Structures are given as structure tokens and as C-alpha cells.
Amino acid sequence: MEEIDIKLRADGIQKKVISPGKGELSTFPDGTKVKFHYHTSLCDGTVLDDSRTMGGQSKPMELILGKKFKLPVWEQVVTTMREGEIAEFTCDVMHTALYPLVSRSLRNISHGKDPLEGQRHCCGIAQVHSHHSMGHSDLDKLQANPQPLVFTLEMLEILPPGSFQLEIWAMTDEEKMQAIPHIHEDGNALFKSGDITAAAEKYYSAIACLKNLQMKERPGDDHWIKLDLMITPLLLNYCQCKNLLGQYYEVLEHCSSIINKYDDNVKAYFKRGKAHAAVWNEAEAKADFAKVIELDPSLETSVAKELRAMEDRIREKQKEEKGRYKNLFNYSSKASAAASTG
């Protein structure tokens, strides 16, 4: 441990063990997963972040070593820790310049937002030296005046490579391609079991993964098209879930995007027709259902059923509105009569 401490000090890091861990120190090969709680403060004790309270929840940090995390010093210091160890690391400015960006992402995640929300399309160092607000006054101050930080970490778990299932974000492109069919199958199983919300999340996860891969290709190239053809059925499944969950406008948006690229996609027209019918777009629904029959006459019975259901709902709505107008008219008449006899 003395050698490790000397190496840390030479790198501008001071380590103070608060509570020793257990077992032998891991060799931490690339691909090791570490889970730890973190508490970040200025040297005067001012607290910036605490994973036990951030976003009103206690959620530990998870890192896959060797994946080039935006704050390299965390990868460096965790490799000096045992499971169960609590240690305080005081790190020089050269290690902490990017912390405002990392903190903003972690805060976004803790509130269920996109971790990249608010970031501009420039590199991290450029953002740190720009005058762009982080959206948090304490991070704006730290960005304008970089300074040493104190990270108090509690190592919860150290998992060697291959002992856990990788999150999609941590996978290589090849691993993502291999994982997609399994995620698709998981979504289908959840859908069949009636857990529509969880199925939608699975489909969305697979779509996001493929979109990430597609962004690396030139639009219209063979591999881009191949990925798009994989996205389309997943997106249609996602729309099926959203129709059942009553989120019709999202269905309209996604199905229209599919139709704009593939104007012979029967399922996209059918699902969009159902969504139009649900939001009272009668003419648009009829047009979509007519296109369905044109493309696949065998679906005429299914379309007829959807049209009857839509017409029944429209009649029911008209009946309700007529009743409301009648009551309003009767109320107005009674009010006028009361006024004239008063």
C-alpha cells in the first residue's frame, strides 16, 4: 500500500483511509465493474454532490474500467481500494477540471433527464473554458474558478469481467449488435405477459442502441439501411405499446417517420390509423385504413372492425355533446324565465 500512496502523491492525489476494506486488493483488469458511493466537496468542506441524496434517492455510481470515463481520476483512485473500504482522495486541479461537466450529467441522470442535456457540440475542455452556463450556480463557479476537490468514496462491490451483464452504454459496437435480438425477445415476452410499460422500455432501449450505431454511418449507405431495417420493426412494436398506453401523438409521430421512408409499410399505416381514430382525426384515420386495404386486401375485416369502433365512439361523443347542449339550453331558458318574473 505504501507504493500506491507514493504513486498517488506523485500524481497530485492524497489518499486518507477512513475505514479499511476486506480481502486482497484486486488487479482491476479492463472490464472490471465497480460500484461505489461518492461524496464530492471543495477543500473548505462545501458539498457539491452526494450519491446517497442526489435527486432524492440513494444511487451508487457504476463504472466499467477501461471505458474511458470522462473523469479519469475516478478510474485511477478506485483501483487502490478494497471492497468495503471508505477513503478520502484530495485531487489537484489537473484532475478536476472536467468535474463540472461530469457533475451536471450525474445530476441530470438522478432527475431522470438526458445526461447530455445542456451540452453543446464541442469538446469537454472547450466547454470548461467557455462562458456557457452549467445550469447550476455552484458548478458555474467551479467552472470559472477550477480548484482541488475532495472525493470521499465507499467501495461497495468489485465485479470481475464476465461476472455481470453489461449495460448497453458500456458495450462495444459488436456486443450491441449481438445483444439487440435478445432485447427484442425480452420485449416480446414482456408484451405477451401483459407488462406493456416494461415492454415499451425494452423496445426503446434496443432502438436507442441501434440509433447510436446508425449515427456512425453515412445516411443511405448499405450499413445505415441495414440498421434502419432493424429499427423499423422495433419502432412498430414500441408504437403498439404506446397505442395501448394511450400515448397516441407519439404513435402518430413515429409511424409518420416510418411512412416517410417506407410508404408501403402496412403496419405503420394501420397503427397510425388507430392513433388518428383515438384522437378524433376521422378523415386521417379513414385515409390510413384505406391505404391498409390497398396494400393488403386481406386486412379488410380488421380495418372494418376498427372503422366500426371509431364510428361508434363518434356517435357516442355526438350523443353526449347533444345532451350537454340540451341541458345548457334548458338552463338558459329557466334562468331567463326566473329573471323576467323577478
Side-chain angles (χ1 to χ4, degrees), residues 114 168-169 171 173-192 195-310:
D114 181 347
I168 284 181
W169 61 265
M171 294 179 180
D173 289 356
E174 186 178 346
E175 288 168 337
K176 287 175 183 174
M177 288 297 289
Q178 291 171 354
I180 294 299
H182 301 294
I183 301 170
H184 197 160
E185 287 171 12
D186 289 344
N188 290 347
L190 288 165
F191 186 89
K192 287 175 185 173
D195 194 343
I196 308 303
T197 300
E201 289 173 359
K202 282 288 182 183
Y203 295 138
Y204 183 84
S205 175
I207 291 163
C209 183
L210 287 168
K211 288 278 189 186
N212 177 265
L213 294 172
Q214 197 181 41
M215 285 172 62
K216 301 175 183 179
E217 306 294 332
R218 188 188 297 275
D221 280 1
D222 288 346
H223 197 56
W224 187 96
I225 292 169
K226 179 187 174 184
L227 291 168
D228 208 56
L229 292 172
M230 292 174 69
I231 290 168
T232 300
L234 283 160
L235 192 51
L236 287 168
N237 286 359
Y238 180 73
C239 287
Q240 174 82 345
C241 294
K242 290 298 177 176
N243 257 336
L244 291 170
L245 294 170
Q247 295 169 9
Y248 305 115
Y249 289 101
E250 194 171 349
V251 177
L252 295 176
E253 178 186 348
H254 291 310
C255 286
S256 294
S257 73
I258 292 171
I259 290 165
N260 285 338
K261 288 182 287 188
Y262 310 106
D263 62 1
D264 60 348
N265 193 299
V266 178
K267 290 182 178 180
Y269 281 110
F270 193 89
K271 294 181 196 309
R272 191 174 74 172
K274 289 188 70 162
H276 273 309
V279 296
W280 311 105
N281 295 340
E282 184 180 2
E284 291 86 349
K286 285 182 176 178
D288 277 348
F289 287 136
K291 189 70 177 177
V292 169
I293 295 171
E294 177 191 324
L295 292 168
D296 189 350
S298 71
L299 291 172
E300 189 168 353
T301 303
S302 298
V303 166
K305 182 181 175 183
E306 294 295 334
L307 288 171
R308 278 197 303 273
M310 180 178 70

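Any value given below was found using the heavy atoms of this structure, including those in side chains, with hydrogens, waters and symmetry copies removed. Because the structure is a prediction, the values reported are computed rather than measured.
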Are side-chain heavy atoms of Leu190 and Ile196 found at a separation under 4.5 Å?
-> no
Atom CG of Asp222 with >12 non-hydrogen neighbours under 6.0 angstrom = no
Determine the interplanar angle of the Tyr238 and Tyr204 rings, folded into 0 to 90°, and report it as parallel if under 30°, tilted if 30 to 60°, perpendicular if over 60°.
-> tilted
Lys216 NZ to Leu227 CG distance, which is reported to the nearest 0.5 Å | 10.5 Å
Pairwise distance CD(Glu250) to CG(Asn243) - rounded to 0.5 angstrom | 10.5 Å
How about Thr197 and Leu245: do any of their side-chain heavy atoms sit closer than 4.5 Å?
-> yes
Indicate yes or no: does Lys291 engage Asp263 in a salt bridge with an N to O separation below 4.0 Å.
-> no
Check ring pair (Phe, Tyr, Trp, His ring centres under 6.0 Å) between Phe270 and all other residues, then give those that pass, not counting sequence neighbours.
-> Phe289
Taking all atoms of both residues into account, what is the closest heavy-atom pair of Ala199 and Cys241, and its distance?
-> CB-SG, 4.1 Å
Of all the heavy-atom pairs spanning Val251 and Cys239, show the shortest one and how long it is.
-> CG2-O, 3.5 Å
Starting at NZ of Lys261, measure out to CG of Leu229 and round the result to the nearest 0.5 Å.
-> 9.0 Å
So, does Asn281 use its side chain to make a donor-acceptor pair with the main chain of Glu284 at under 3.5 Å?
-> no
Which atoms form the tightest heavy-atom contact between Ser256 and Leu252, and what is the distance?
-> OG-O, 2.8 Å
Do the non-hydrogen side-chain atoms of Met177 and Leu210 ever get within less than 4.5 Å of each other?
-> yes
Apply the test side chain to side chain contact (heavy atoms under 4.5 Å, CB included) to residues Leu299 and Ile293: give CA-CA distance (whole Å), side-chain angles for both, the deciding distance (0.1 Å), then the verdict.
-> CA-CA 6 Å; Leu299 291 172; Ile293 295 171; 5.8 Å; no
Whether over 12 other heavy atoms sit under 6.0 Å from Lys192 NZ | no
Ala208 backbone acceptor or donor facing Asn212 side chain under 3.5 Å = no
So, Ser205 side chain and Glu201 main chain: donor-acceptor pair closer than 3.5 Å or not?
-> no
Would you call Cys209 and Ile180 a side-chain contact if the rule is heavy atoms closer than 4.5 Å?
-> yes
Take Leu244 and Phe191 through the side chain to side chain contact (heavy atoms under 4.5 Å, CB included) test and state the conclusion after the steps.
-> CA-CA 11 Å; Leu244 291 170; Phe191 186 89; 3.7 Å; yes
Main-chain N/O of Trp224 paired with Asp221 side-chain donor or acceptor, under 3.5 Å = no
Do Asn237 and His184 come within less than 4.5 Å of each other through their side chains, counting heavy atoms only?
-> yes
Have Tyr203 and Asn188 got a donor and an acceptor in their side chains that come within less than 3.5 Å?
-> yes
How close do Leu235 and Ser257 get, heavy atom to heavy atom, and via which atoms?
-> CD2-OG, 4.3 Å
Rounded distance [0.5 Å steps], CD1 in Ile183 versus CD1 in Ile207 | 11.0 Å
Check the surroundings of atom OH in Tyr249: do more than 12 heavy atoms from other residues, nucleotides or ligands lie under 6.0 Å from it?
-> no
Rounded to the nearest 0.5 Å, the OH atom of Tyr248 sits from the CH2 atom of Trp280 at a distance of 10.0 Å
Distance in Å, His276 NE2 paired with Met310 CE, rounded so as to fall on 0.5 Å steps = 11.0 Å
Exceeds 12 heavy-atom contacts within 6.0 angstrom, atom NZ of Lys226 | no
Give the C-alpha distance, both sets of side-chain angles, the deciding distance and a yes or no for salt bridge (Lys or Arg N to Asp or Glu O under 4.0 Å) between Lys274 and Asp288.
-> CA-CA 9 Å; Lys274 289 188 70 162; Asp288 277 348; over 6 Å; no
